[in-house]
S.K.: 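One structure coming up, written as structure tokens, with questions to follow.
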Amino acid sequence: TDTVYVWPYPVFLTGSPTSNSPVCTPNPLQLTAEANPANATWSWSGPASFSSSSVDPVIDPTDASMSGTYTVTVSNHGCNTSANTTATVHQTPSIASISGSNPTSCSCNCGSFTLTGLNASTAYTVNYHKNGLAATASSVTTDASGNLTVTGLSAALYDSIMVTLNACPSAPASIMLPNPSAPATPIASSNSPLCQNSTLSFTASDATAGVSWTWNGPNSFSSSISSPSRSSVPLADSGTYSMTVTDGSGCKDTYSLPS
């Protein structure tokens, strides 16, 4: 007598095979499959010459060439059943360098920063913090060389700068955009102390040419000349006077002195 064995073809369970796709490089790609009978043998094949005999193989690290169709064949004593799953591996953006164009005025939003090394003519979501506060995310498209420029910036520390494509964020970058140099600190003096009803005189100068002047002080005092005076001063004019110089770029410096 002969013993005859009839082996069933393996049967995949519902939803199998599958993966944790999509993933961002270099994060692992996990392939999974379930089939009956449990003691079958497994063979995976896929993009970039991938092959494995594991039931649930892991590809780590990944690169974008690993996107595509993965085929798993389950063999039960030579009775084979195959199935496919498609996996997507997105390339994580990488910022090659960052450079800045500083504001040309202390009162303008005319600075910018540029990121290099990105895909050409591609829209990225840009996130960053300005002086520690999160800015509103924006969509910016790179030029034909893969450079991305964010404009309309004031002087500040910009950090946690990241670009995101296909839900894959880059590593962060940072840059400082300073204001132009402030005018020289003004030199000021007064004829204080003096007697009530006398004339209070201020003398001020600044090494930076072309600055404008703003004086403020007690008893609603204000003046826009460099060396103002107050006649017949009452006791209420005693106190601290401040003087601010502003240059042509809108940059300021302030000096205070007692009367």
Side-chain angles (χ1 to χ4, degrees), residues 18-30 58-67 86-183 185 211-212 214 216 242 244-256:
T18 187
S19 73
N20 63 334
S21 167
V23 298
C24 303
T25 62
N27 296 331
L29 175 65
Q30 171 75 67
V58 177
I59 304 173
D60 185 21
T62 54
D63 62 58
S65 69
M66 295 171 182
S67 289
T86 299
T88 301
V89 180
H90 292 302
Q91 183 65 47
T92 297
S94 177
I95 299 171
S97 67
I98 181 171
S99 60
S101 176
N102 298 332
T104 56
S105 166
C106 289
S107 56
C108 76
N109 295 323
C110 52
S112 65
F113 61 74
T114 298
L115 312 176
T116 68
L118 304 174
N119 295 343
S121 305
T122 302
Y124 288 83
T125 299
V126 182
N127 291 273
Y128 59 85
H129 287 188
K130 177 182 178 181
N131 289 336
L133 299 177
T136 302
S138 60
S139 178
V140 183
T141 300
T142 55
D143 62 19
S145 298
N147 301 322
L148 184 152
T149 300
V150 177
T151 60
L153 304 179
S154 61
L157 170 63
Y158 294 87
D159 62 2
S160 301
I161 302 169
M162 293 185 290
V163 294
T164 301
L165 182 65
N166 296 317
C168 299
S170 69
S174 63
I175 193 168
M176 180 72 185
L177 299 182
N179 272 320
S181 297
T185 300
V211 296
S212 62
T214 303
N216 290 283
S242 64
T244 299
V245 291
T246 305
D247 65 15
S249 297
C251 301
K252 302 178 180 183
D253 201 350
T254 298
Y255 182 83
S256 298

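This is a predicted model, so every value here is computed, not measured.
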S.K.: Using the side-chain hydrogen bond (donor to acceptor under 3.5 Å, both in side chains) rule, collect all pairs that involve residues 167-182, keeping only residues at least two apart or in two chains.
M.R.: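 Not a single pair qualifies under side-chain hydrogen bond (donor to acceptor under 3.5 Å, both in side chains).
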S.K.: Only counting residues at least two apart or in another chain, list the ones meeting side-chain contact (heavy atoms from CB on, under 4.5 Å) with Ala171.
M.R.: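 Here no residue qualifies.
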S.K.: Do Val140 and Thr149 come within less than 4.5 Å of each other through their side chains, counting heavy atoms only?
M.R.: no
S.K.: I need the minimum non-hydrogen distance between Pro180 and Cys251, along with the two atoms involved.
M.R.: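 Closest pair (atom of Pro180, atom of Cys251, distance): O-SG, 3.7 Å.
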S.K.: Go through the steps to decide whether Tyr128 and Leu153 satisfy the test side chain to side chain contact (heavy atoms under 4.5 Å, CB included), and finish with yes or no.
M.R.: CA-CA 12 Å; Tyr128 59 85; Leu153 304 179; 3.7 Å; yes
S.K.: Can you name the closest pair of heavy atoms from Val58 and Gln30 and give their distance?
M.R.: CG2-OE1, 3.0 Å
S.K.: Could you report the tightest heavy-atom contact between Ser67 and Val89, atom names first, then the distance?
M.R.: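 So the minimum-distance heavy-atom pair works out to OG-N, 2.6 Å.
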S.K.: Heavy-atom distance under 4.5 Å between the side chains of Tyr255 and Val245, does that happen here?
M.R.: no
S.K.: Please name all residues satisfying side-chain hydrogen bond (donor to acceptor under 3.5 Å, both in side chains) with Ser154, sequence neighbours left out, ordered by chain then number.
M.R.: Lys130
S.K.: Going by the rule side-chain hydrogen bond (donor to acceptor under 3.5 Å, both in side chains), which residues pair with Asn127 if we only count those two or more places apart in sequence or in a different chain?
M.R.: none
S.K.: Test your reading of the model: is there a side-chain donor-acceptor pair from Asn131 to the backbone of Ala156, 3.5 Å cut-off?
M.R.: no
S.K.: Whether the Ser99 and Thr114 side chains hold a donor-acceptor pair (N or O, under 3.5 Å, no angle test) is what I'd like checked.
M.R.: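 No pair is found: no donor N or O on one side chain lies under 3.5 Å from an acceptor on the other.
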S.K.: Supply the atom-to-atom distance Ile161 CD1 to Leu115 CG, rounded to the nearest 0.5 angstrom.
M.R.: 6.5 Å
S.K.: Would you give the length of the straight line joining atom CG of Leu29 to atom CE of Met66, rounded to the nearest 0.5 angstrom?
M.R.: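 If we round to the nearest 0.5 Å, Leu29:CG and Met66:CE are 8.5 Å apart.
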S.K.: Check the pair Thr246 / Val211 against side chain to side chain contact (heavy atoms under 4.5 Å, CB included), numbers first and verdict last.
M.R.: CA-CA 5 Å; Thr246 305; Val211 296; over 6 Å; no
S.K.: What distance separates Ile98 CD1 from Leu148 CG, expressed to the nearest 0.5 Å?
M.R.: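 Rounded to the nearest 0.5 Å, the CD1-CG separation comes out at 10.0 Å.
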S.K.: Atom CG in Leu118, atom CG in Asp143: separation rounded to 0.5 Å?
M.R.: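 Between Leu118 CG and Asp143 CG, I get 9.5 Å after rounding to 0.5 Å.
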S.K.: Once ring-ring contact (aromatic ring centres under 6.0 Å, His included) is applied, what residue pairs with a partner in residues 159-181 remain, sequence neighbours excluded?
M.R.: none
S.K.: Whether the side chain of Ser242 engages the backbone of Ser256 through a donor-acceptor N/O pair (distance < 3.5 Å, no angle test) should be reported.
M.R.: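 Checking the backbone N and O of Ser256 against the side chain of Ser242, no donor-acceptor pair under 3.5 Å is found.
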S.K.: What's the separation between atom OH in Tyr124 and atom CG in Leu165, rounded to the nearest 0.5 Å?
M.R.: 5.0 Å
S.K.: Going by the rule side-chain contact (heavy atoms from CB on, under 4.5 Å), which residues pair with His90 if we only count those two or more places apart in sequence or in a different chain?
M.R.: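 In terms of side-chain contact (heavy atoms from CB on, under 4.5 Å), with neighbours along the sequence ignored, His90 is linked to Pro22, Thr88, Asn166, Cys168.
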S.K.: Who are the side-chain hydrogen bond (donor to acceptor under 3.5 Å, both in side chains) partners of Thr185, not counting sequence neighbours?
M.R.: Asp253
S.K.: Output all residues satisfying side-chain hydrogen bond (donor to acceptor under 3.5 Å, both in side chains) with Ser65, sequence neighbours left out; order by chain, then residue number.
M.R.: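 Listed in chain order: Asp63.
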S.K.: Are Thr86 and Ser21 close enough that some pair of their side-chain heavy atoms sits under 4.5 Å apart?
M.R.: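 Of all side-chain heavy-atom pairs linking Ser21 with Thr86, none is under 4.5 Å.
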S.K.: Sub-3.5 Å donor-acceptor pair from the side chain of Thr25 to the main-chain atoms of Thr92, do we have one?
M.R.: yes
S.K.: Search all heavy atoms of Ala155 against all heavy atoms of Pro178 and return the closest pair with its distance.
M.R.: CB-C, 3.8 Å
S.K.: Holding to side-chain contact (heavy atoms from CB on, under 4.5 Å), I want the full list of residues that pass it with Cys108, two or more places apart in sequence or in another chain.
M.R.: Pro103, Thr104, Ser105, Cys110
S.K.: For the residue pair Thr244 / Thr254, report whether a side-chain donor-acceptor contact shorter than 3.5 Å exists.
M.R.: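 A pair is found: one side chain offers a donor N or O, the other an acceptor, under 3.5 Å apart.
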S.K.: Checking Thr142 side chain against Thr122 main chain: does a donor-acceptor pair fall under 3.5 Å?
M.R.: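 Pair found, side chain donor or acceptor close to backbone of Thr122.
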S.K.: What pairs with Pro172 under side-chain contact (heavy atoms from CB on, under 4.5 Å), at least two apart in sequence or on another chain?
M.R.: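 Here the qualifying residues are Met162.
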S.K.: Do you know which two heavy atoms are closest between Pro28 and Asn20, and how far apart they sit?
M.R.: O-ND2, 3.2 Å
